[in-house]
Amino acid sequence: MDLDFAVIGGALPYLWKGFRYTLELTVTAAAGGLVFGTLLALARLSSVRSLALVAAGYVNLMRSIPLVLVIFWFFFLVPLILQGLTGAERPPQVGAERTAIVTFIMFEAAFFCEIMRAGIQSIPRGQLHSANALGLSYGQAMRLVILPQAFRNMLPILLTQVIVLFQDTSLVYVISATDFVGAAAKVAQRDSRLVEMYLFVAAVYFVLCYALSSLVRRLQQRVAVIR
Amino acid sequence: MPMIAMREVSKWYGDFQVLADCTTTVDKGDVVVVCGPSGSGKSTLIKTVNGLEPFQRGEVLVDGVSVGAKGTNLSKLRARAGMVFQHFELFPHLTIMDNLTLAQVKVLGRTRDQAVDRGLQLLDRVGLRDQADKYPGQLSGGQQQRVAIARALCMDPIVMLFDEPTSALDPEMVNEVLDVMVGLAREGMTMMVVTHEMGFARKVASRVIFMDEGRIVEDVSKDAFFGAPDERSPRARQFLSKILSH
């Protein structure tokens, strides 16, 4: 088999564009997912039963559907929902890239919710009591005392979830968004260099994910020491 | 007007009654020690005072303000009633100084500088001024509990509640915490203290409450409690003989 890795060099600017989108998608989905996930976790732990039930329903639904299907559904549904909301004549064009960001935030929120819920529950009840005893409201106690500790304790697991998310973003190829994998696939087909391109993409994913995992392991040891 | 007034406070967990018609008062400057066997409801009782334990029946007034009433600003009331917990409950992600200033800034609206000044004063008083920049995990249990007392005092409370403040401490650290509490009592702080430290009770208590099965069985002066055992209920005598025999 004759391999020609030179194609990679020529395609780098285009690949870089795809890679930047992959990063953007990962970071936005992680940040958005963490925010919404934390809110969902608070809802699930709420003493308002209806709120807890709705949140639990959402989380369980998202966690029981394959991500590919969620991406598909959002791709078809988001324009229709927007049309319903704005009353436009035709479904507005949202674009694959933006749809993907919304989808991943919504999907990741369910997973971050479960991590943050476990984190919140790992904080002794006395912490909330002592915060309340000082006069802090429930919201202040959560924001200033409970959530920072929950976040710190869960940081290794949250980062592991981000690594999974980073890999999962490649699934946006099903709606033809040009992420890192999408860009590589297009170049590969154009130049008929599938093996070289996919090898290159795999190597980049491996190096990044492996480095991040090592970082998580180091963090885990540090968190263990602090406790 | 008494600082704390409880009238027929009752509380149930499902069918199980944890507090049964508890009635007592704590006057300004009083040091009331609450003792009794575990599960007798003493921790639950003291936590009704600042609303950490809701109750179904009865009334608790702190400086004339009803704890259970709908319109009561619980946050404001709690800021005036300092509480010290068995397991310290310092915030482990914050430095000692941040532990002391957090509620001063967020609840009392003090500036950071004012809060730090007050924090340093009280750290000084519990003998830990040099620990301000450390984290709770770097301090011994006794030091952590003294910080917890300083944290409560930072809010300039009108009453201090102690929930078994020395039960989780190694024996050699009990006295450093009790010394701080004795100092507070002698300065005239109104205190309600759940504890088994009878030495502390003998030294500074004005009254002793003995609880059993959710009821206040004895509510008498210190001298009557320790000095006239024959007049005490059989349950209280039995309890006293068990914890004082060694």
Side-chain angles (χ1 to χ4, degrees), chain A residues 34-35 37-38 41-42 45-49 51-52 112 115-159 216 218-227, chain B residues 43-44 46-47 49-54 73-94 98-110 115 135-138 144-145 147-157 159-164 168:
Chain A
L34 182 62
V35 171
T38 303
L42 290 176
L45 294 170
S46 159
S47 51
V48 184
R49 263 189 77 78
L51 193 62
F112 282 113
I115 298 173
M116 286 310 285
R117 188 163 70 108
I120 293 167
Q121 285 178 319
S122 75
I123 309 299
R125 193 95 193 127
Q127 288 281 305
L128 184 60
H129 271 173
S130 78
N132 285 153
L134 285 165
L136 296 172
S137 66
Y138 177 79
Q140 286 175 319
M142 273 296 158
R143 195 160 44 83
L144 302 166
V145 176
I146 308 295
L147 288 178
Q149 292 184 60
F151 180 77
R152 194 190 67 183
N153 291 353
M154 290 294 133
L155 193 57
I157 304 173
L158 288 168
L159 279 176
V216 170
R218 289 241 296 281
L219 256 176
Q220 232 153 5
Q221 283 156 5
R222 269 195 50 199
V223 170
V225 170
I226 294 170
R227 271 189 230 151
Chain B
S43 282
T44 310
I46 200 176
K47 282 179 180 156
V49 176
N50 62 354
L52 286 183
E53 288 280 2
N73 184 340
L74 255 190
S75 176
K76 213 167 152 191
L77 184 145
R78 283 168 173 164
R80 304 178 72 197
M83 182 164 236
V84 176
F85 296 84
Q86 182 176 3
H87 296 288
F88 330 135
E89 304 299 352
L90 296 177
F91 306 135
H93 62 302
L94 300 178
D98 288 339
N99 264 278
L100 297 183
T101 55
L102 181 70
Q104 291 189 67
V105 173
K106 299 287 174 185
V107 180
L108 300 182
R110 290 181 184 159
Y135 284 87
Q138 296 171 292
Q144 288 191 52
Q145 194 61 301
V147 170
I149 295 173
R151 181 174 73 176
L153 290 174
C154 277
M155 306 297 283
D156 298 318
V159 52
M160 284 286 285
L161 309 167
F162 293 83
D163 183 13
E164 305 208 29

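Remember, predicted model here, so these are calculated numbers, not experimental data. Lettering follows sequence order; numbering is per chain, from 1.
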> Which bit of Gln127(A) comes within less than 4.5 Å of chain B, counting heavy atoms only: side chain, backbone, both or neither?
Replying inline: both

>> Within the 4.5 Å heavy-atom criterion, are Leu128(A) and Ile123(A) side-chain neighbours or not?
In response: no

>> Any heavy-atom pair between the side chains of Lys47(B) and Met83(B) that's under 4.5 Å?
In response: yes

> Does any heavy atom of chain A fall under 4.5 Å from the side chain of Arg80(B), the backbone, both, or neither of them?
Replying inline: neither

> Is there side-chain contact between His129(A) and Glu89(B), with heavy atoms separated by less than 4.5 Å?
Replying inline: no

> Under a 4.5 Å cut-off applied to non-hydrogen side-chain atoms, are Ser130(A) and Phe91(B) in contact?
Replying inline: yes

> If you count heavy-atom pairs under 4.5 Å with chain A, which of Arg151(B), Met155(B), Gln138(B) comes out on top?
Replying inline: Arg151(B)

>> Using heavy-atom distances under 4.5 Å, tell me whether His87(B) contacts chain A through its side chain, its backbone, both, or neither.
In response: neither

>> Counting heavy-atom pairs closer than 4.5 Å to chain B, which one of Pro124(A), Ala131(A), Ser137(A) comes out on top?
In response: Ala131(A)

> Can you say whether Ala81(B) sits under 4.5 Å from chain A via the side chain, the backbone, both, or neither, judging by heavy atoms?
Replying inline: backbone

> Side chain, backbone, both or neither: which part of Leu74(B) has a non-hydrogen atom closer than 4.5 Å to chain A?
Replying inline: neither

>> Using side-chain heavy atoms (C-beta onward) and a distance below 4.5 Å, is Arg78(B) in contact with Leu136(A)?
In response: no

>> Could you tell me if the side chain of Met116(A) sits less than 4.5 Å from the side chain of Leu34(A), heavy atoms only?
In response: yes

